[in-house]
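Remarks on the structure that follows.
The first residue in the sequence is number 1, and the count goes up from there.
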Amino acid sequence: MTDVNKLQAGMEDFKCTGQVVIGDGVNLKIVSNNLKSGIWSVTPAKLFTGPGDNGWMAQGRLGESLGPNGSIIYNAADRAKFKLDFDVPYNKNNTVSITCEGEDCELYAYSVSRAPESGRITTPIYKISRK
């Protein structure tokens with residue numbers, strides 16, 4: 001839930017609206033959802049099963065001169081851990097990435113749409129499926 005008292009006028013323009021799309025047979029459980037800067041307007045799902053998708057949003061916070069920057073870490077049902085990173089800074093290029101750690105990463109195909117190089121909003125789509 002958004003705490004409107006923490007939003008600064010114009011800060012809502014700097015946001016990351018992400019979506020995680022998972023394929024059949026993929027089960028994800030959240031390990032962490034950390035923000036280095038910003039607040040969660042819509043928090044990521046704690047648990048979800050594919051096929052399906054889940055959306056979330058992070059945006060700037062009152063008193064910070066930074067856009068939203070953070071990561072979400074999900075454990076799969078086996079030994080794979082996915083880290084979804086995003087950064088929407090005010091004075092640098094936007095970045096998004098997805099990485100996998102663990103013995104079972106080779107069982108998955110995973111990718112993320114490319115973030116616009118600049119701008120106030122980025123809308124990455126992270127995809128995770130079984131090979």
Side-chain angles (χ1 to χ4, degrees):
M1 178 172 13
T2 303
D3 182 346
V4 293
N5 294 321
K6 293 181 180 176
L7 296 178
Q8 179 178 351
M11 298 287 279
E12 66 277 3
D13 290 342
F14 286 86
K15 60 187 167 186
C16 184
T17 304
Q19 182 179 21
V20 182
V21 179
I22 60 174
D24 195 29
V26 177
N27 301 303
L28 299 177
K29 181 178 180 181
I30 200 163
V31 175
S32 66
N33 58 340
N34 296 315
L35 291 175
K36 295 176 186 173
S37 62
I39 63 169
W40 292 110
S41 300
V42 179
T43 56
K46 294 188 182 299
L47 177 69
F48 65 112
T49 302
D53 60 65
N54 176 260
W56 49 265
M57 184 187 336
Q59 59 191 111
R61 181 196 301 253
L62 177 65
E64 291 183 351
S65 59
L66 305 166
N69 177 353
S71 64
I72 304 166
I73 299 177
Y74 284 106
N75 275 344
D78 48 27
R79 292 172 296 206
K81 182 185 291 188
F82 296 95
K83 184 177 183 189
L84 291 54
D85 290 301
F86 58 91
D87 188 10
V88 186
Y90 291 131
N91 57 357
K92 297 179 185 173
N93 287 342
N94 298 333
T95 59
V96 295
S97 66
I98 183 171
T99 56
C100 185
E101 294 180 4
E103 295 177 22
D104 291 333
C105 289
E106 71 274 358
L107 301 176
Y108 293 91
Y110 51 94
S111 64
V112 61
S113 62
R114 191 161 187 65
E117 285 189 16
S118 63
R120 296 172 180 253
I121 301 171
T122 190
T123 54
I125 300 173
Y126 299 88
K127 296 180 180 179
I128 303 171
S129 61
R130 302 282 288 192
K131 288 184 180 175

Look up atom [atom1] in [X] and atom [atom2] in [Y], then write down how far apart they are to the nearest 0.5 Å.
| X | Y | atom1 | atom2 | result |
| --- | --- | --- | --- | --- |
| Q59 | S37 | CD | OG | 12.0 Å |
| I39 | K15 | CD1 | NZ | 11.5 Å |
| C100 | I128 | SG | CD1 | 8.0 Å |

Passing option when F86 is tested against I98, L35, N94, T17 for side chain to side chain contact (heavy atoms under 4.5 Å, CB included):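 Answer after filtering I98, L35, N94, T17: L35.
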Acceptor/donor pairs from residues 20-31 side chains to any protein atom, 3.5 angstrom cut, sequence neighbours excluded:
unit_1 : atom_1 : unit_2 : atom_2 : d
N27    : OD1    : T49    : OG1    : 3.2

Determine yes or no for a side-chain-to-main-chain donor-acceptor pair under 3.5 angstrom, with S41 supplying the side chain and A58 the backbone.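 Judged by distance alone, no pair lies under 3.5 Å.
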Would you mind writing out the side-chain donor-acceptor pairs for residues 68-82 within the sub-3.5 Å range, not counting sequence neighbours?
unit_1 : atom_1 : unit_2 : atom_2 : d
Y74    : OH     : A45    : O      : 3.2
D78    : OD1    : A80    : N      : 3.4
D78    : OD1    : Y108   : OH     : 3.1
D78    : OD2    : Y108   : OH     : 3.0
D78    : OD2    : R130   : NH1    : 2.9

Let me check something: do W56 and I125 share a hydrophobic cluster, defined by ILVMFWY side-chain heavy atoms less than 4.5 Å apart, either directly or through other members?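 The answer is no; the residues belong to distinct hydrophobic clusters.
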Closest heavy-atom pair and its distance - C16, V88: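 Reported closest heavy-atom pair: CB-CG2, 3.9 Å.
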Looking at the rings of Y126 and Y110, which for Trp means the six-membered one, are their centres under 6.0 Å apart?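 Distance test on ring centres: not under 6.0 Å, no.
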Go through the steps to decide whether N33 and W40 satisfy the test side-chain contact (heavy atoms from CB on, under 4.5 Å), and finish with yes or no. CA-CA 9 Å; N33 58 340; W40 292 110; 3.7 Å; yes
Taking only residues at least two apart or on different chains, which pairs with a member in residues 33-55 satisfy salt bridge (Lys or Arg N to Asp or Glu O under 4.0 Å)?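 Every candidate salt bridge (Lys or Arg N to Asp or Glu O under 4.0 Å) pair involving residues 33-55 fails, so no pair, neighbours aside, qualifies.
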